[in-house]
Every structure is written in structure tokens, then in C-alpha cells.
There are 2 protein chains.
Amino acid sequence: MLQDDDPFGEDALESALSELEVFLRARRLKMTEQRRTMAKAALSHHGHFTAEELHRALGNDGEAVSLATVYRGLAVLEDAALVEGHDFADGTRRYERAVDRQHHDHMVCVDCRAVIEFTNEKIERLQQQVVEAHGFTMKDHSLTLFVRCNVWRADGACERRAEREARRKAAGLG
Amino acid sequence: MLQDDDPFGEDALESALSELEVFLRARRLKMTEQRRTMAKAALSHHGHFTAEELHRALGNDGEAVSLATVYRGLAVLEDAALVEGHDFADGTRRYERAVDRQHHDHMVCVDCRAVIEFTNEKIERLQQQVVEAHGFTMKDHSLTLFVRCNVWRADGACERRAEREARRKAAGLG
DNA sequence: CTAGCTGCAAAGAATTTGCTAAGTA
DNA sequence: TACTTAGCAAATTCTTTGCAGCTAG
């Protein structure tokens, strides 16, 4: 799931890593092998990933980092703004690279859980206006559109849909 | 937390309950004392509440419903569109009445966790346009603006802020 | 050296589920 | 009566934490 192709560039990665070092130094935290490994993997990955997935990916590379450390490390990387965490209302937090990326929002397919990104400047501006109109300060915002991506109708890409519905039905509740 | 004043009206509540009955009948589910009790409490409550809170509220009224049943019941009420569930990224699902209410989005204060509602037609329309432009079907959407409501500066209403920060600091990562 | 880190196993919080008695249509 | 529920407790899932030894600065 985490891929080796680098949509980011060797140099960009290097610069992000030194950003991380600056961040760590500023709070007397340490640059460890694990943090470096995780940062590299997280930044090179394109798309969203969970703690569990990052953990598995590192395990496969023979660069194993314990799951607890992955959770702690992701918190650090998020604080350092190298990654961004999202809550897509399915009980599992998802992350994505936050450096060298423009801001965007998400659509999540309720069938197959695919995540589609989009940007809309007008919406951004309107959000800011709403917050200001109340006299508040915007710290963050999260816009997620839950959609049916309809892909399954064409080529079965939403195959997980069937699974999930079967599971749900079997579990009772109608 | 759940209050007895009814911002909803006796008759509106009755009509919502029969809506629920129709929903249940349509899927051969049963109208039980617990479901009726929960529906009443949930609908009469104004503002957001958690499963835990609803459970406690019913317990206090001497109308005890087990926590498991509250969870299952909220799922039914949500399916029946009597309540709406939200995920404000703090690990606990929150609900609110969904009948006789216009759609709205939320601002959540990152300091005191206060929830402020707002509506913005323009944003709604733009969201719909985005989804359509991709050929998807909108099933739901969730827009949450995380803000600093600044109230604490004036009157201390955001006092929980201090608590939370202390806890966070004590928990390490700091 | 020494504060901070890691791995491990255990703890936690929120939510879900299996099972059996009980209730509804 | 037949099928859906409720309550309870155990199980799950994701995430956090305590602790003892390890490591970077």
C-alpha cells in the first residue's frame, strides 16, 4: 500500500526531514532512527494511510517499528505539520503527507471507502467568512462529502460494498 | 443535560413517533417501550448528546434503558432519520434531533468544545456542485470548522481549556 | 551521562456482539 | 405462536500508557 515511487522528490524529502529536525530540536526531542524511517515512509506515500498500514509497511521493509511507536510518531509528525490527520467517521484515523501539498477537502465513498480529493476556493472563502462573522478564530476545518461514487456500476471497483452490506445484514438491524 | 422543556411541541413529537412506527413497520421491526422512550428523550433534547448521556438521562428518569440498547436504538433512530449523528473528531459520536430542524453545519471550539451551529446556503450549493461535477451522488456531508471561540478571554466560559492542556502535557508528547 | 525513546504487554474508551429470557404483532 | 428485542457481560477495535532497558546529544 505504501509505495516506493516518490511523488515528492529526493530533495524535497531531505528538506522535510531537516524541517523535522528543527522541530524536534526546538522542543528537545530526539531524531531517532524510527522517527526518520516513519517520516520517510509517510512522506513518500501518496494517498491516505492509517497507523496500522504504516506499521505494516515498515514491517515489510525490514524496518520494523512497533505499533505504539508508530502512533506516538504520527502524533509528532502531525505536530510538526509533516502529515495531516483526518477523521472520516469510520473509527480509524487516516493520515496523509502535508508538505508540498495544497490544501484540499475530501469526498469519501460510502460504498467502497475510496477517498477523492477536491479543492474549492469559494467554499474556503465562505468558511472563513462564517468564522469571522462570529468573531472566532479558525484553527482548522474539515469538510467531508460522503458520496456514492457509482464506480461499482461500471467496473466493480466498489466491490467491498457487497461485503459490507452482507456483514451489516448478518449483524442484524434489519 | 437532557432537559424536559420541549423545544419541539407535543404534537410534533407525536408525529415523529408515528413516523418512527411507520419506519419500523416497513422493516418489520417492533415499537418497544425502550425505543419509544429513547425517541422521546432524544427528540425533546435540544443540542447535542452522546449515547452515554442519553443512557444516563434515561436512568435518572427511572426509565432505564441499557447502554447496549441505547447504542442499538440510536442506530435505528438515525436510520429512521429522527436523529443525526456527527463525528467531531474527539472519539465520541454525538447526536441531535433531525426532524423539524433545518440543515446546519457546526463550529467546534478547540478550547472548550462548545458546539456552535450555522447554515450557509452558498456553501451547500457549492458542495452539491462539486459532487455532481464528479458524477457522484451525495449521501451526506459533514462540515466542521474548528475554531477558538475566544469566549474564555471575556468570562472564563472556556475554562475546560486549562484542564485539557494540563492533561495533554501530563500525557507526554510535550 | 541523562532526558527522552522504544518495545512490549497491559490498560482504556467507545462501541458491538452472542446469548437467553422476555415482549410485540 | 413466531420472530424481534433487551439486558448483561464478554469481545472487539483502535489507541494510549507504564515500565525497564536503550540511545541520541
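The distance from the OG atom of S142(A) to the CG atom of D87(A) is 8.0 Å, given to the nearest 0.5 Å. The distance from atom NZ of K40(B) to atom CG of L58(B), rounded to the nearest 0.5 Å, is 11.5 Å.
The NE2 atom of H86(A) sits 19 Å away from the P atom of dC14(D) (whole-angstrom rounding). Rounded to whole Å, atom P of dC14(D) lies 16 Å from atom CZ of F88(A). Nucleotide dT6(C) holds its C1' atom 16 Å from the CZ atom of R36(A), rounded to whole Å. Taking atom CZ of residue R56(B) and atom P of nucleotide dA14(C), one finds them 11 Å apart after rounding to whole Å. In this structure, the NE2 atom of H55(B) is 13 Å from the P atom of dA6(D), given to the nearest Å. What separates CZ of F49(A) from P of dC14(D) is a distance of 16 Å, to the nearest Å. In this structure, L24(A) places its CG atom 9 Å from P of dG25(D), rounding to the nearest Å. Put simply, CG on L29(B) is 19 Å from P on dG23(C), counting in whole angstrom units.
Within the 4.5 Å cutoff, the side chain of L82(B) has heavy atoms near those of the L43(B) side chain. For the pair V147(B) and V108(B), the minimum side-chain heavy-atom distance is 4.5 Å or more.
Of the residues listed (H106(A), R93(A), R97(A)), the one engaging H48(A) in a side-chain hydrogen bond (donor to acceptor under 3.5 Å, both in side chains) is H106(A), and it is the only one.
Residue-to-nucleotide proximity on DNA chain C shows that, of L67(A) and T50(B), the 5′-proximal contact is made by L67(A).
Across the helix from dC1(C)-dG25(D) to dA25(C)-dT1(D), the helix axis at one end is tilted relative to the axis at the other end by 40° (nearest 10 degrees, each axis from five pairs).
Proximity of Y71(B) to the phosphate of dT16(C): no side-chain N or O atom is located under 4.0 Å from OP1 or OP2. Q34(A) has a side-chain polar atom (N or O) that falls below the 4.0 Å cut-off from OP1 or OP2 of dG7(C).
Judged purely by distance below 3.5 Å, without hydrogens or angles, the side chains of S66(A) and T69(A) pair a donor atom with an acceptor atom. In this model, a donor atom of one side chain and an acceptor atom of the other lie less than 3.5 Å apart for E96(B) and H104(B). Under 3.5 Å, the side chains of E132(B) and Q128(B) contain a donor-acceptor pair of N or O atoms.
Below 30°, between 30° and 60°, or above 60°: for H86(B) and F88(B) the angle between ring planes is below 30°, a parallel geometry.
Side-chain atoms of S66(B) lie closest to dG7(D) of the nucleotides dT15(C), dG7(D), dC5(C). For R35(A), taking side-chain heavy atoms from C-beta onward, the closest of the listed nucleotides dT15(C), dT6(C), dG7(D) is dT6(C).
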Between the protein and nucleotides 18-24 of chain D, which nitrogen or oxygen pairs are less than 3.5 angstrom apart?
unit_1, atom_1, unit_2, atom_2, d
dA24(D), N3, K30(A), NZ, 3.2

